[in-house]
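Both backbone and side-chain heavy atoms feed into the values below; hydrogens, waters and symmetry mates do not. To find a chain, count down the sequence lines: A is the first, B the second, and so on, and within it residues start at 1.
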Amino acid sequence: MIEPILLHTPVLEWYSENARDLPWRADDATPWGVLVSEIMLQQTPVVRVLPIWHEWMQRWPTPKALAVEPPGEAVRHWGRLGYPRRALRLHACAKAIADEHGGEVPSDHATLLALPGIGEYTAAAVASFAFGGRHAVLDTNVRRVFARAVRGDEYPPTATSAAERRLAEALLPALGAPRWGVAVMELGALVCTARSPKCADCPISNLCTWRLTGKPAHDGPARKGQTYAGTDRQCRGRLLAVLRAAHGPVPKVALDAVWDDHVQRERALDGLITDGLAEHLPDGTYQLPT
DNA sequence: TATACGTGGTC
DNA sequence: TGACCAAGTAT
């Protein structure tokens with residue numbers, strides 16, 4: 001096991017020099033701003049989140065501001081970020097914060113975890129980055145850095161394991177856990193990337209087990225591919241794009257126009273309604289949830 | 001635990 | 001050029 005201090009110093013120094021200037025990391029960032037960023041960043045690159053985050057925070061600077069809107073407005077302004085159920089959950093999250101927490105984002109990990117759309121990672125991230133809590137933030141970047149540097153594997157396991165949690169906890173510094181967490185994430189995002197890691201720029205390449213052992217290729221089953229073309233997901237995306245653009249009820253023919261396969265189209269539409277992303281009105285039209 | 005869930009950029 | 005990947009969550 002590598003001594004934690006041997007990782008801390010170089011990673012933190014590297015972060016001081018290389019951290020991106022992101023608005024949710026600014027001194028004046030609010031817990032709500034951090035929470036919004038974390039939801040938007042789930043499975044979504046920073047560059048696509050940036051403009052939506054700015055618009056969102058200007059429109060809804062507080063949880064209460066969002067909570068009084070219909071959920072469809074959240075879905076509309078989510079734009080093309082992807083996974084629009086996140087917009088719905090963020091709206092539900094705002095309502096829960098407004099109704100049950102006096103409009104203030106909770107600082108406690110367990111309380112955050114109970115909110116819609118907030119799972120293990122996001123609860124730790126908000127508790128740590130917004131409130132200074134000492135939590136292990138295990139996102140895909142951190143998991144990859146630890147897998148390589150400590151375990152010597154090219155990639156972490158598919159699902160977060162107990163061993164990974166133990167390791168992350170063990171590496172957590174007594175002081176400055178939030179900065180350590182964001183520093184490791186940044187290292188994974190900018191240097192220790194999935195496909196072409198920039199080991200020449202890495203502050204811990206000298207003790208990285210994976211590099212020291214010759215960067216063995218990932219063994220085991222191929223990682224699950226994300227099919228998309230022709231799937232229900234693509235169909236749902238097409239349908240929802242029509243509803244977002246409409247600003248009002250949409251006749252069925254407008255939806256029929258964007259996807260040929262009748263059976264799949266109906267299934268996808270039903271799915272959107274089941275998920276609460278669309279409403280079917282008595283007159284046969286469709287719209288974003290009110 | 002495996003699967004569904006958007007979108008767009010990269011090599 | 002199509003597979004892979006991006007600060008995951010819910011079921």
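At the heavy-atom level, A:Trp78 lies nowhere under 4.0 Å from the strands shown. Contact annotation for A:Gly119: backbone-only contact, meaning every heavy-atom pair under 4.0 Å involves sugar-phosphate atoms and none involves a base. In this structure, A:Arg25 reaches the bases: a heavy-atom distance under 4.0 Å links it to at least one base atom across the strands shown. Across all strands, A:Arg236 comes closer than 4.0 Å only to sugar-phosphate atoms, never to a base (heavy-atom distances). Nucleic acid contact for A:Ile39: none, since no nucleic acid atom lies under 4.0 Å from a heavy atom of the residue. Among the protein residues, A:Thr122 comes within range of the sugar-phosphate backbone only, with heavy atoms under 4.0 Å from sugar or phosphate atoms but none that close to a base. Across all strands, A:Thr44 comes closer than 4.0 Å to base atoms (heavy-atom distances).
C:dC4 and B:dT3 have their P atoms separated by 15 Å, given to the nearest Å. Nucleotides C:dT1 and C:dC5 have their C1' atoms positioned 16 Å apart, rounded to a whole Å. Taking atom C1' in both C:dA7 and B:dC11, one finds a spacing of 23 Å when rounded to whole Å. The gap from the P atom of B:dG8 to that of C:dT9 amounts to 23 Å, rounded to the nearest Å.
Judged by distance alone, the side chains of A:Arg25 and A:Ser37 never bring a donor and an acceptor atom under 3.5 Å apart.
Judged by distance alone with a 3.5 Å cut-off, a donor-acceptor contact links the side chain of A:Arg48 to the base of B:dT7. Judged by distance alone, with hydrogens and angles left aside, A:Arg195 brings no side-chain donor or acceptor close enough to the base of C:dC5 to form a pair under 3.5 Å.
Side-chain proximity of A:Glu186 to B:dC5, B:dG6, C:dA7: nearest is C:dA7. The nucleotide whose nearest atom lies closest to any side-chain atom of A:Met185 is, among B:dC5, C:dA10, C:dA7, C:dA7. For A:Tyr121, counting side-chain heavy atoms from C-beta on, the closest listed nucleotide (C:dA7, C:dC5, C:dA10) is C:dA7. Residue A:Arg244 places its side chain closer to B:dT7 than to any other of C:dC5, C:dA7, B:dT7. Across B:dA4, C:dA7, C:dC5, the shortest atom-to-atom separation from the side chain of A:Tyr155 is found for C:dC5.
In this structure, the side chains of A:Leu212 and A:Thr209 stay at 4.5 Å or more apart for every pair of heavy atoms. No side-chain heavy atom of A:Val182 sits under 4.5 Å from any side-chain heavy atom of A:Val137. Considering only heavy atoms from C-beta on, A:Arg265 comes within 4.5 Å of A:Asp256 through its side chain.
Rounded to an integer number of Å, the gap from A:Glu164 CD to C:dA7 P is 15 Å. Between the CZ atom of A:Arg20 and the P atom of C:dA6 there is a distance of 12 Å, rounded to whole Å. A:Asp232 has its CG atom 16 Å from the C1' atom of B:dT7, to the nearest Å. Here C:dA7 presents its P atom at 22 Å from NE2 of A:His135, a figure rounded to the nearest Å. The separation between A:Asp139 atom CG and C:dT9 atom C1' is 14 Å, rounded to whole Å. The distance from atom OH of A:Tyr83 to atom P of C:dG8 is 10 Å, rounded to the nearest whole Å. Taking atom CD of residue A:Glu120 and atom C1' of nucleotide C:dT9, one finds them 11 Å apart after rounding to whole Å. One atom, CZ of A:Arg144, and another, P of C:dG8, lie 10 Å apart when rounded to the nearest Å.
Looking at which nucleotide of DNA chain B each of A:Ala159 and A:Arg80 is closest to, the 5′-most match is held by A:Ala159. Annotation: of the two residues near DNA chain C, A:Leu115 and A:Asn141, the 5′-most nearest-nucleotide partner is A:Asn141. Ranked by how close their nearest DNA chain B nucleotide is to the 5' end, A:Ser196 and A:Leu277 are led by A:Leu277.
OP1 or OP2 of C:dG8 lies within a sub-4.0 Å distance of a side-chain N or O belonging to A:Gln43.
Under the 30°/60° scheme for interplanar angles, the aromatic rings of A:His8 and A:Trp180 are found to stand perpendicular. The aromatic rings of A:His280 and A:Tyr286 lie parallel to each other, their planes meeting at an angle below 30°, with 60° marking the opposite boundary.
Within a 6.0 Å radius of CG in A:Asp260, no more than 12 heavy atoms belonging to other residues, nucleotides or ligands are found.
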